Amino acid sequence: MKFAEVILPVPIPKSFCYSIPPMMDVAIVVGHRVLVEFGNRKMYTGIVSEIHDKHPDKYEPKPILEVLEVEPSVNPSQIKLWKWIADYYMCTIGEVLNVALPSGLKLSSQSYIQLHPHFIIQENLEILNDREFTLLSHLEKEQTIPYTQVGNIIQLKSPYKTIKDLIAKEAILLIEQIKEKYKPKMEKRIRLTEQYAENPESLDQLFEQLGKKAKQEDALLKYLTLVPVHEDHLSNYHGVAKKDFIHSGRALSPSSVGTMTKNGIFEEFERQIPRYELTASDKMQPTPQLSDAQNECLHKTIKGLEEKNVCLLHGVTGSGKTEIYLQLIQGVIQNGEQALFMIPEIALTSQLVRRLKVYFGDVLGIYHSKFSDNERVETWKGVQEGRFQVVVGTRSSLFLPFSDLSLIIVDEEHDSSYKAHDPAPRYQGRDLALVLAHFHHAKVVLGSATPSLESFYLAAKQKYAYAGLSERYGDAQLPEIKIIDIKSKRKQKKMKDDFSDDLLQTLHQTTEEGHQAILFQNRRGYSPYVTCNVCSWVPTCPSCNVNLTYHIYKNELRCHYCGHKEHVPNTCVSCGSTEIKTVGLGTQKVEEGLKDYLTDLRVGRLDLDTTRRKHSYEQILIDFEHGHIDVLVGTQMVTKGLDFSNVRVVGILDADRLLYFPDFRAHERAFQLLTQVSGRAGRRGEKGTVILQTTTPNETLFAKVARHDYRNFYRKEIAERQQYHYPPFTRLIKLTIRSEKQELTKESAQWLGNRLVNWLGRKRILGPQEPNINKIRNYFLSEILIKLERENFDLKKAKNYIHHAILQLKEEKNFKRVWVTIDVDPN
Ligand code: ADP
Ligand code: ZN
Ligand code: ZN
């Protein structure tokens, strides 16, 4: 007897053993998707992770019900990666599977009831009450009725409610119907039937017959021009797409085509087509010639990769790092291998894909979270079959089934969007790229104008190779950064609301000259809160401990943590006054303000609120690129990677806000954001201008941004990290404790903290401490930060302690309703 270990999408930290029935249609191998029963009649799609012949000691394994595919969807190196993630990020492998496998490859199941085949209603009338009789008669007609199960209770939609008795009377059966979610996209096509295609003379006869039926004759002629049947049977075999045939050129009447199909001249058939096609309109081009500086950098990178496998490509904004990546990818394609090009944000995909498809065409695949389930499955399959040799994607593309990966590029490697938050696994995409590459013996290029402290530190220690580009490509220069002191400007009456005269004048001038601008404000909505002018009352979220943000376009207050919405009150709830005013600056207010002061400008906005729909990113960016928008206002989405040649001016409305996050990375993030957003200005042609508004103009960090002085920023920052024992000198693990009662959260966090102090020592434990926002979605939060040494330290043992302490906490009677999440290397 053979057994299979199956990974299931459940939060239990192990795989589960199932027996392999001897007569399965397909020989089961590692990586197969299989259907199994788990727990109470629940069906799951699982992945086989191991095959062996050891019968489990403690239970009788259930059989695998079905193998869902011929070729396994997952390869062994992916399973190895999943195990690594579960281990390092301290979650279950089921949680990894849940995130790694696109939901289009999971099955959806629906439960139904059905009349029992041996039950005849007419013969059992005396044991049925009226309601049961009605239900069974209905079932007889409808065949099945869906039900839901909550615990042990089976529920139908009213009026039937429960059906326990009917099950006992063996009148009905419960069935589970399993559906594949992925649906290939099919196209209706049309071709000549064999009779005509293989026998040109019969076509001549046909023309004679059709003589008087002009429309049909037209259709036939048109078909023959599109598909020259006489020369090549094969082209007839593929036929033409029905919609093209009927709608292109002179329109044909669908009815005459229908008649011809009925008469056996044409036949319809279907063919699977890709959901996204990249080659369609563009001509392929050779990759661009590199400048001397780029060439030198490329060679340094290649040599560095040979020596150290990982190379940090540190090139200022606009230096042409992308073109260097292109050369590296080109090499990979020529070797018949695969490359992964990772980017931090979906916002960047559309522009990058437009740039890349002219070089790589149909070997280029795309993968990100705005893709539909079906599209993701197609990329998955394309990568598996080796059709896609290059994939552009966000962090989840690390989970694709690469077989021959030889290069990973992590562009904007410093970007915090590489870190996954909820649900587990809370992985860091850049770090995971290094692990994946290691498994594949592949190379990694980490690219950035503002490298993460971690990466620069490792390059400085020569663990990574380093290649730098200190000049922009071509004649372009780095922008001039002007620091504007808004406090003194306000005294001099040189401020219009949140805009300095300098900013407004610069915007006016640059748009007059036909150029564009980007304005950055890292807050969405209109104003971060509203308040009563008389008593200072501020509306807060009922479920979270935060102020509600005012959104002007729907005139409502919203919670950015749980999504709660409410109307803006006309009168103060606390004192009844009608003087409610807005406070603070969000992107909507920037947009509105600009329209007030510079009336002719066309203003666009890029933030979470304007990009929720699938193609909205793309549309806004295309409008900007085509010059339909003069000024683009946005949150951090506008700071990254975008390459618009006509942008001359960048405005940063409130640089201070970035500095005061209660986080050891606040300064690093601020430097990166400010440098990156400035980097959008003057990427081609004349030098650009950045207007940085602040109330603390003497802040040294701003001066470093203005001088484009990464190294000095690094030196100061790394010294502080060393002094206060923060990464990269230590490793952090953050525990978040949650419960519905503030007191309970506090007690349990204290309990857990004490346990950890006992085991790991006082100096390694910070907290427990309430975070700034101590209540989200009705859960009260507390945090414990664990600081562990990087060297000469048994990390595995420490992680075991942590797991153990959490398990013990959950076993305490008082703490049953407490939850703990673990975040390794938190952001
Ligand atoms: P980075 O990613 O380093 O910020 P990009 O790769 O976006 O910079 O390059 C900046 C601009 O310069 C882009 O518009 C790009 O097309 C152009 N560019 C860079 N290198 C070349 C090259 N070798 N040939 C032509 N254009 C280039
Ligand atoms: Zn009031
Ligand atoms: Zn809320």
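Counting starts at 1 for both ligands and their atoms, in listed order. Atoms considered below: every heavy atom in the structure, side chains included; atoms not considered: hydrogens, waters and symmetry mates. Computed from a prediction, not measured in an experiment: that's the story for all the values here.
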Hey, can you tell me if Phe713 and Phe671 have their rings parallel, tilted or perpendicular (30° and 60° cut-offs)? parallel
Would Gln294 count as a polar contact of ligand 1, with the cut-off being nitrogen or oxygen pairs under 3.5 Å? yes
Between the side chains of Ser739 and Thr745, does any donor sit under 3.5 Å from an acceptor? yes
Top protein contact for atom 16 (O) of ligand 1, by heavy-atom distance: Glu323 OE2, 3.3 Å
Using heavy-atom distances, let me know which of Gln327, Arg355, Gln289 sits nearest atom 5 (P) of ligand 1. Arg355
Heavy atoms of other groups near Lys419 NZ, more than 12 under 6.0 Å: yes
Within-shell test, Gly315 vs ligand 1, heavy atom, strictly < 4.0 Å: no
Are Tyr464 and Phe456, when compared by the centres of their aromatic rings, separated by less than 6.0 Å? no
Under 2.8 Å from the Zn ion (ligand 3), which protein N, O or S atoms do you find? Ignore water molecules. Cys541 SG, Cys544 SG, Cys559 SG, Cys562 SG
Note: heavy atom closest to atom 10 (C) of ligand 1, options Gly679, Gly318, Ala293, belongs to Gly318
List the closest protein heavy-atom neighbour of atom 13 (C) of ligand 1: residue, atom name, distance to the nearest 0.1 Å. Asp643 OD2, 3.0 Å
Among protein heavy atoms, which sits nearest to atom 2 (O) of ligand 1, and what does the distance come to when rounded to 0.1 Å? Thr322 OG1, 3.2 Å
Who are the ring-ring contact (aromatic ring centres under 6.0 Å, His included) partners of His414, not counting sequence neighbours? none
Within a distance under 4.0 Å of any heavy atom of Thr317, pick out the atoms of ligand 1 and give their elements. 4 (O)
Which residue supplies the protein heavy atom nearest to atom 8 (O) of ligand 1, what is that atom called, and how far is it? Gly320 N, 3.1 Å
State which residue, out of Val391, Val332, Val444, fulfils the side-chain contact (heavy atoms from CB on, under 4.5 Å) condition with Leu340. Val391
Aromatic ring centroids of Tyr325 and Phe341 under 6.0 Å? yes
With distance as the sole criterion, is a donor-acceptor pair present between the side chains of Thr450 and Gln676 under 3.5 Å? yes
With sequence neighbours excluded, residues passing ring-ring contact (aromatic ring centres under 6.0 Å, His included) with Phe780: none
Considering non-hydrogen atoms of the protein only, which is the closest contact for atom 24 (N) of ligand 1, and what is the distance? Tyr473 OH, 3.1 Å
Please determine whether a side-chain nitrogen of the Lys or Arg among Glu454 and Arg665 lies less than 4.0 Å from a carboxylate oxygen of the Asp or Glu. yes
Keeping to distances under 2.8 Å, can you name the protein N/O/S atoms close to the Zn ion (ligand 2)? Cys532 SG, Cys535 SG, Cys572 SG, Cys575 SG
Once the angle between the rings of Tyr714 and Tyr710 is folded into 0 to 90°, is it parallel (under 30°), tilted (30 to 60°) or perpendicular (over 60°)? parallel
